[in-house]
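Read through the structure below, which is laid out as structure tokens, and then see the notes.
The figures that follow rest on heavy atoms only: side chains count, while hydrogens, waters and symmetry mates do not.
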Amino acid sequence: MKKKIILGIVLILAVICIAASMYTVEEDEFACVVRFSEIIDTTGEAGLHFKVPFLDSVRTFPKAVMLYDIPPSEVLTSDKQNMTVDNYILWQISDPKLFYQTLGSTVVAEERLNALTYNELKTVMGTLAQKDIINMDDGGERNTIYDGIAQSVDELAENYGIKVVDVKIKRLDLPESNENAVYTRMISERNQIAEKYTADGNYEASIIRNDVDKQVNILISNAQAQAAQLEAEGEAEYMRLLAEAYNSPEKQEFYRFHLALDALKKTLNGTEKTVILDADSPLAQLLLES
């Protein structure tokens, strides 16, 4: 009976020892085996693993990328303007052993990341004027600033076994005392740009109008010159035809007679039928001959 009891106890102890010597690692976590506060093994391989029972303990840390929403904080720009920065950081554990030795938990890690990010933001924002941060320029320029902050924080976080994936600024707020001044400055800048566009447009329009007027004047001048040339050619042709038609004394005499009749007709077209002519006048001679 005693043997059975002893055997049962031994079996129970064996089961306890076997159970205490095994541990499992999930797909999304690291596991550190700690013995007397010292890490003796780390693994990121999922599955069943073994350790020394009762002597070793296991600490697990997440392997996935984590988001830490940093509380808003105030920074000072180079032109001595206060701004409230609200940002977040994406990070993950890259070296679980170093992470455990330097920080020990994600709570402490977030506190350290908070300090590192704030210090870097304060340094970078301190080199920029407020107008360089809040403006209507291409957002890609500000993204370059944010990428530089993320890189700097990542380099510092490597000392704690942390990989910083990204740092993003959600919002840049202004104290109420500065908002009106900033809005007024931005409106003034937009108005100046609008005035410049208007002035440039008017200048281009004047160039186009002047060019059109010049082209119109050239066309009119050319048309008038062409008309004068055609008129001169017509007059010359008319005179040539007259010369051909009255190329004999008889024809010339008839032509003068015809012109005299036209002149007399035009003279006697009113109610007054009295005509006073000189004796040497062709009309007088014509009438006297008739």
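Contact of the Ile93 side chain with the Tyr160 side chain is not registered, since no non-hydrogen atoms from C-beta on lie closer than 4.5 Å.
Between Ala150 and Val164, the shortest heavy-atom distance links the atoms O-CG1, 4.1 Å. A pairwise comparison of heavy atoms in Asp86 and Ile70 identifies OD1-O, 3.6 Å as the closest pair. Nearest heavy atom pair, residue Val167 against residue Ile149, reads CG1-CG2, 4.2 Å. For the residue pair Pro62 and Phe30, the shortest heavy atom distance occurs at O-CD1, 4.1 Å. For the pair Ile169 and Asn87, the tightest heavy-atom approach, listed with the atom from each and the gap, is CA-CB, 3.7 Å. When all heavy atoms are compared, the tightest approach of Asn159 to Leu98 is O-CD2, 3.6 Å.
A donor-acceptor pair is defined here as one N or O able to donate and one able to accept, closer than 3.5 Å; such a pair exists between the side chain of Gln92 and the backbone of Lys63. Side chain of Arg59 to backbone of Gly104: a donor-acceptor contact under 3.5 angstrom is found. Side-chain atoms of Asn114 do not come within 3.5 Å of backbone N or O of Glu110 as any donor-acceptor pair. At least one donor-acceptor pair under 3.5 Å links the side chain of Ser94 to the backbone N or O of Gly161. The main-chain N or O of Asn217 is never found under 3.5 Å from a side-chain atom of Ser221 such that the two would form a donor-acceptor pair.
Asp69 and Lys170 are joined by a salt bridge, as a carboxylate oxygen and a charged side-chain nitrogen come within less than 4.0 angstrom of each other. Ionic pairing of Lys168 and Asp166 is present here: one or more N-O contacts between side-chain nitrogen and carboxylate oxygen are shorter than 4.0 angstrom.
We find the CD-CD distance between Gln229 and Gln224 to be 14.0 Å, quoted to the nearest 0.5 Å. For the atom pair CG of Leu103 and CD of Glu111, the computed distance is 10.0 Å after rounding to the nearest 0.5 Å. Here Thr106 contributes atom OG1 and Arg112 contributes atom CZ; the two are 14.0 Å apart, rounded to the nearest 0.5 Å. Rounding to the nearest 0.5 angstrom, the gap separating the CG atom in Asp154 from the CD1 atom in Ile162 is 10.0 Å. Annotation: the span from Leu113 atom CG to Trp91 atom CH2 amounts to 6.0 Å, rounded to 0.5 Å. One finds the CE atom of Met125 at 10.5 Å from the CD atom of Glu120 (value rounded to the nearest 0.5 Å).
Counting heavy atoms of neighbouring residues, nucleotides and ligands inside a 6.0 Å radius, atom CD of Glu233 exceeds 12 of them. Counted within 6.0 Å of CD on Gln226, heavy atoms from surrounding residues, nucleotides or ligands total 12 or fewer; the atom is thus considered open.
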Inset, instruction - With side chain to side chain contact (heavy atoms under 4.5 Å, CB included) as the test, would you mind laying out the steps for Leu156 and Asn119 before giving the verdict? - result: CA-CA 11 Å; Leu156 296 172; Asn119 290 336; over 6 Å; no
Inset, instruction - Step by step, work out the side chain to side chain contact (heavy atoms under 4.5 Å, CB included) result for Val85 and Tyr118. - result: CA-CA 9 Å; Val85 183; Tyr118 173 72; over 6 Å; no
Legend entry - Tyr203/Ile208 under side chain to side chain contact (heavy atoms under 4.5 Å, CB included): CA gap, chis, key distance, verdict: CA-CA 9 Å; Tyr203 174 72; Ile208 294 173; over 6 Å; no
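The salt bridge (charged side-chain N to carboxylate O under 4.0 Å, His left out) analysis of residues 199-227, with sequence neighbours excluded, yields the pairs Lys196-Asp200.
In this structure, Tyr88 shares a hydrophobic cluster with Val65, Leu67, Leu90, Val165, the cluster being traced through Ile, Leu, Val, Met, Phe, Trp and Tyr side chains under 4.5 angstrom apart.
Aromatic ring pairs are classed by plane angle as parallel below 30°, tilted from 30° to 60° and perpendicular above 60°; the pair Phe99 and Phe61 is perpendicular.
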